[in-house]
Protein chains: 2
Amino acid sequence: MSPTPNPTPARLRTIPSRLLAGAALAADRLVSERLAAEGAHKWHFAVLVALAEAGAASQAELSRRTGIYRSDMVAVLNELADAECIRREPDPADRRRNVITLTPTGRHRLERLDTLITDAQRELLAPLTPDQQDELTRLLAVLTEHHHPPHGAQ
Amino acid sequence: MSPTPNPTPARLRTIPSRLLAGAALAADRLVSERLAAEGAHKWHFAVLVALAEAGAASQAELSRRTGIYRSDMVAVLNELADAECIRREPDPADRRRNVITLTPTGRHRLERLDTLITDAQRELLAPLTPDQQDELTRLLAVLTEHHHPPHGAQ
DNA sequence: CTACTTTCATTAGCGCTACGAACGTTTGGA
DNA sequence: TCCAAACGTTCGTAGCGCTAATGAAAGTAG
């Protein structure tokens, strides 16, 4: 006679904010595990994508593109620079700025991380049909866009 | 001539794990703001629901029902007990356990918090049609259930 | 030209959340 | 009887989002 084998009340299982938190946590774990296997980090990928897709930029600009705070961006760029994935040089046109440039090494690194990320997404969405996967992605995009993205992400 | 007014690359905007993180953050903010206005916390609500829906239980059992770690549960129950929302008494049948009981005060408190939570969900899902809201909730439920709920949440 | 405001990179720090370690107590099973 | 497990509790940790403050440089107004 088990005393109370009652895991997770129905009410809690139907609250969107709770479901979002749980799903986000699982998703983050999947991504982080994959990336950690290659000594990489979530943020590295975001920065590399931002550089590959929209070209060289200042740190502040990268901060806006990725949603990473520019105070955290410093360390991320340090690591990417140590791995020679980017170059960080003062902007001659505006001496406040650094110009961050993607190196060939960085481009290769991005390719590798991209497959890891893609794999993780696949595993994350595995229990859904392809149509459901697309629908979920669309709905989430609407939500995040509506609720002022990360906002300024200064 | 703005240098690079390019917010958020398309690739980043279509990665489910990133969308989930963003949506979860927005959702959590909405909920936390509402609850904070009444000095309440996310976790208080979860515990009260778990008690109301499945009856009195030990702290470990509540931990399983809510996904809150049992090390964190202690403080939550302290606060709920201070507010006289619950009673915490040693279990005569098993002296390791405490029996946590919902008080009438706690039941009223739950009613209040429930409306706050419901309001927050409404605001969160506002940009979606009712059908989309249901679909999103269903899809998220599938995901969280598949990826070993919170898991043990010991 | 001067004075004010803004932007930038960088450092340091805070609060919250999920999570693990350890401990003493108690219980149940071999 | 001995061992393993569960319980409540305390303490500590790591990561993330975010703020504040600083010195340098640029833009802007008077």
Side-chain angles (χ1 to χ4, degrees), chain A residues 1-5 17-18 20-29 31-33 35-36 41-44 46 57-64 66-79 81 86 88-100 148-154, chain B residues 1-5 17-18 20-22 24-29 31-33 35-36 41-44 46 57-64 66-78 81 86 88-100 148-154:
Chain A
M1 57 163 191
S2 49
T4 326
S17 62
R18 270 185 69 98
L20 275 172
L25 195 59
D28 234 68
R29 250 197 283 263
V31 168
S32 295
E33 278 172 20
L35 291 183
H41 195 270
K42 208 179 149 190
W43 293 337
H44 299 154
S58 70
Q59 301 187 189
E61 171 62 18
L62 284 177
S63 185
R64 284 175 222 116
T66 59
I68 301 170
Y69 271 69
R70 69 184 208 279
S71 44
D72 298 324
M73 182 64 71
V74 180
V76 176
L77 293 180
N78 284 343
E79 292 159 15
I86 60 157
R88 185 208 250 133
E89 6 191 51
D91 185 342
D94 184 340
R95 302 211 307 269
R96 292 171 302 180
R97 291 182 165 93
N98 289 333
V99 179
I100 309 300
H148 52 72
H151 62 288
Q154 62 151 327
Chain B
M1 60 165 192
S2 50
T4 327
S17 62
R18 269 185 70 98
L20 275 172
L25 195 59
D28 234 69
R29 251 198 283 263
V31 168
S32 294
E33 277 173 19
L35 292 182
H41 195 272
K42 207 176 149 193
W43 293 336
H44 299 153
S58 70
Q59 302 186 188
E61 170 62 17
L62 285 177
S63 186
R64 284 176 222 113
T66 60
I68 301 169
Y69 270 69
R70 70 181 207 277
S71 44
D72 299 324
M73 181 65 70
V74 181
V76 176
L77 293 180
N78 285 342
I86 60 156
R88 184 207 251 135
E89 6 191 48
D91 186 342
D94 184 342
R95 301 211 307 267
R96 292 172 302 180
R97 291 183 166 93
N98 289 335
V99 179
I100 309 299
H148 52 70
H151 62 288
Q154 61 150 333

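Every chain is numbered from 1 and lettered A, B, ... according to where its sequence line falls, protein lines coming before strand lines.
- Rounded to whole angstrom, the span from the CG atom of B:L77 across to the C1' atom of D:dT9 amounts to 12 Å.
- At the phosphate of C:dA9, neither OP1 nor OP2 sits under 4.0 Å from any side-chain N or O atom of A:R70.
- The side chain of A:N98 lies closest to C:dA9 when the candidates are C:dA18, C:dA9, D:dG8.
- Listed nucleotides: D:dT10, D:dT19, D:dG8. Nearest to the side chain of A:S71: D:dT19.
- When distances run from any side-chain atom of A:W43 to the nucleotides D:dG17, C:dC8, D:dC11, the shortest one goes to D:dG17.
- Comparing atom distances between the B:R29 side chain and each of C:dA22, D:dC18, C:dT7 picks out D:dC18 as nearest.
- Here the rule is side-chain contact (heavy atoms from CB on, under 4.5 Å) with A:L77, and of A:I86, A:D72, A:I68, A:N98 only A:I86 fits it.
- OP1 or OP2 of D:dC7 lies within a sub-4.0 Å distance of a side-chain N or O belonging to B:R64.
- The side chain of B:R97 contributes no N or O atom lying less than 4.0 Å from OP1 or OP2 of D:dA5.
- Heavy-atom distances to DNA chain D give each of A:A93 and B:V99 a nearest nucleotide, and the one nearer the 5′ end belongs to B:V99.
- No donor-acceptor pair under 3.5 Å is formed between the side chain of B:T66 and the backbone N or O of B:A46.
- Between the side chain of B:D72 and the base of C:dC19, at least one donor-acceptor pair of N or O atoms lies under 3.5 Å.
- No donor-acceptor pair closer than 3.5 Å links the side chain of B:S63 to the backbone N or O of B:Q59.
- Between A:R70 and A:L62 there is no side-chain heavy-atom pair separated by less than 4.5 Å.
- As rounded to whole Å, 12 Å separates atom C1' of C:dA18 from atom CD1 of B:I68.
- One cannot find a donor-acceptor pair under 3.5 Å joining the base of D:dG8 and the side-chain atoms of B:S58.
- Take the nearest nucleotide of DNA chain D for B:L25 and for A:P92: the residue whose nucleotide is more 5' is B:L25.
- One interatomic measurement links the two molecules: CD of B:E61 to C1' of D:dC7, which rounds to 13 Å at whole-angstrom precision.
- Of the candidates C:dT10, D:dC16, C:dA18, D:dC16 carries the atom nearest the A:H41 side chain, counting heavy atoms from C-beta on.
- The nearest whole Å value for the distance from the CG atom in A:N78 to the C1' atom in C:dT10 is 10 Å.
- For D:dA24, the base has no donor-acceptor partner in the side chain of A:R96 [N/O atoms by modelled type, under 3.5 angstrom].
- Rounded to whole Å, atom P of C:dT27 lies 6 Å from atom CG of B:D94.
- At a threshold of 4.0 Å, the pair A:D91-A:R96 does not count as salt-bridged, since none of the basic side-chain nitrogens sits closer than that to a carboxylate oxygen.
- A straight line from CD of B:E89 to P of D:dC7 spans 18 Å, rounded to a whole angstrom.
- When each of D:dA26, D:dT10, D:dC18 is scored by its nearest atom to the side-chain atoms of A:R95, the top-ranked nucleotide is D:dA26.
- The separation between B:I100 atom CD1 and D:dC7 atom P is 13 Å, rounded to whole Å.
- Looking at heavy atoms from C-beta onward, A:V31 lies out of side-chain contact with B:R18 at the 4.5 angstrom threshold.
- Nearest nucleotide to the B:Y69 side chain, out of D:dA26, D:dC18, C:dA18: C:dA18.
- B:M73 places its CE atom 16 Å from the C1' atom of D:dA6, with the value rounded to the nearest Å.
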